[in-house]
J.: 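Below are the structure tokens for one structure; questions will follow.
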Amino acid sequence: MERFFQQIVEWQLANGRKGLPWQETADPYRIWLSEIMLQQTQVSSVIAYYQKFLQTFPTVYALANASIDEVLAHWSGLGYYARARNLHKAAQMVVDTFDGKFPSDPNLLASLPGVGQSTANAIAAFSYGVTVPILDGNVKRLMIRYLGLQESVGGTAQEKKLWPIAINQVPADATHREMIAYTQGVMDMGNLVCKRTKPQCQVCPVAASCQAYHANQQDELPLPKPKKTVQTKRAYLCIYQNKDQIWLEKRPDSGIWGGLWSFPEEVDVIEASINLPVFTHVFTHFKLEISPLLITNMPPKNTENGNWFLLEDALTQGVPQPVRRIIETIAAMQQDYRLQSQN
DNA sequence: GACACGTGGGA
DNA sequence: TTCCCAAGTGT
């Protein structure tokens with residue numbers, strides 16, 4: 001298997017991605033941050049968040065000392081907000097337990113909340129050159145094709161099978177530089193060559209020994225996952241407005257949009273409210289039809305976990321995407337109203 | 001093992 | 001439009 005390793009390393013150095021913001025550092029804090037942001041999230045979505053986040057929280061100490069509200073505000077719009085809550089906890093753990101220094105032992109790294117085995121190995125390999133492999137979606141797809149496995153991506157049993165193979169591909173005497181190139185290389189391969197659709201086998205460095213390629217199965221593997229039907233839910237979001245201010249409620253820590261600020265939710269229409277246009281927000285596991293209700297003539301029902309915010313301040317808080325969208329709509333309406341009043 | 005957890009890109 | 005799903009982890 002060592003040949004595979006060398007081929008990926010050489011390919012990455014010649015053809016892999018260069019100059020991504022997190023490729024320009026060996027600081028485990030920055031590498032950890034990038035790995036968490038990149039979980040289930042595309043590179044193009046991450047770059048701006050990563051740079052802004054680092055400006056605000058340049059060190060693990062800065063992050064550990066920040067409030068969870070500040071952290072969520074900088075995560076707002078990225079999704080999977082448990083990552084931000086775990087990131088904050090993990091930063092405090094690094095400061096308290098590891099004296100502010102990220103350990104190089106993947107097992108210790110994996111003890112941090114939000115850091116699983118693959119992310120732990122990525123941090124160890126990139127930061128310290130520890131000779132451990134990653135096993136992310138790219139690698140799974142690559143291995144399913146390379147080994148000609150008649151499977152879809154996913155499942156505990158598959159991971160149990162693939163981990164030892166992934167480990168065997170990494171020579172114990174690989175250098176730090178090689179580990180960086182290999183780890184980046186398997187992901188670049190998945191993104192640029194062994195893509196989900198239209199794999200580029202003609203430029204693949206390991207096509208000669210790829211089972212799927214020899215069987216002309218590169219377009220069929222991995223097998224498609226059985227699809228599940230997503231249900232549609234409806235939510236009435238109540239926008240209590242008092243002049244320039246709107247009322248936001250802090251959501252419970254667990255569940256959808258945990259820890260974020262949102263509009264109070266009702267199960268049905270409220271009297272004396274103005275209906276704003278309905279829109280659909282799509283999650284991976286369900287659809288949400290959102291009916292925003294504007295309420296200007298009565299106070300919020302429940303004032304326990306809420307606060308009044310100026311419109312422009314609300315946009316700087318940790319709010320989920322649909323809430324941001326509604327706030328922007330309200331702000332635009334107010335702007336229109338002001339312009340009309342002047343004329 | 002199955003499911004919850006966001007959002008936007010690409011076909 | 002509709003569907004799949006991306007540098008996964010936690011429960």
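Here is the naming used below: chain letters follow the sequence lines, and residue numbers restart at 1 for every chain.
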J.: Could you point out which residue of A:Trp308, A:Phe263, A:Tyr240 forms a ring-ring contact (aromatic ring centres under 6.0 Å, His included) with A:Trp247?
T.: A:Trp308
J.: What distance, rounded to whole Å, do you find between the two C1' atoms, one in B:dG6 and one in C:dC4?
T.: 15 Å
J.: C:dA7 and B:dG10: how far apart are their P atoms, nearest whole angstrom?
T.: 13 Å
J.: To the nearest Å, give me how far apart CE (A:Met179) and P (C:dA7) are.
T.: 18 Å
J.: Hey, are A:Lys140 and A:Glu159 close enough for a salt bridge, meaning a charged N less than 4.0 Å from a carboxylate O?
T.: yes
J.: For DNA chain B, which nucleotides open and close the run of contacts to chain A, 5' to 3', at under 4.0 angstrom from a non-hydrogen atom?
T.: B:dG1 to B:dG9
J.: How would you list, by chain and number, every residue that makes a ring pair (Phe, Tyr, Trp, His ring centres under 6.0 Å) with A:Phe57, sequence neighbours excluded?
T.: A:Phe53, A:His74
J.: Considering every strand and a 4.0 Å limit on heavy-atom distances, what is the contact class for A:Leu78: base, sugar-phosphate, or nothing?
T.: base
J.: How close or far is atom C1' of C:dT11 from atom OH of A:Tyr80, stated in whole angstroms?
T.: 14 Å
J.: Taking the nucleotide of DNA chain C with the nearest heavy atom to each, does A:Gln42 or A:Leu112 sit closer to the 5' end?
T.: A:Gln42
J.: Map A:Pro113 and A:Arg17 onto DNA chain C by nearest heavy atom, then report which one ends up closer to the 5' terminus.
T.: A:Arg17
J.: Once you apply a heavy-atom cut-off of 4.0 Å, does A:Pro222 come out as touching a base, just sugar-phosphate, or nothing?
T.: nothing
J.: Please report the distance, rounded to the nearest Å, between CD in A:Gln40 and C1' in C:dC5.
T.: 8 Å
J.: Side chain of A:Lys227, heavy atoms from C-beta onward: which of C:dA7, C:dC3, C:dG8 has the nearest atom to it?
T.: C:dC3
J.: Enumerate the ring-ring contact (aromatic ring centres under 6.0 Å, His included) contacts for residues 172-202 of chain A, please, sequence neighbours excluded, ordered by first and then second residue.
T.: A:Phe5-A:Tyr182
J.: Give me the ring orientation class for A:His281 and A:Phe283: parallel if the planes are under 30° apart, tilted from 30 to 60°, perpendicular past 60°.
T.: perpendicular
J.: Roughly, in whole Å, what's the span from CD1 in A:Ile256 to C1' in C:dG10?
T.: 15 Å
J.: For the pair A:Trp261 and A:Phe309, name the ring-plane relationship: parallel under 30°, tilted 30 to 60°, perpendicular over 60°.
T.: perpendicular
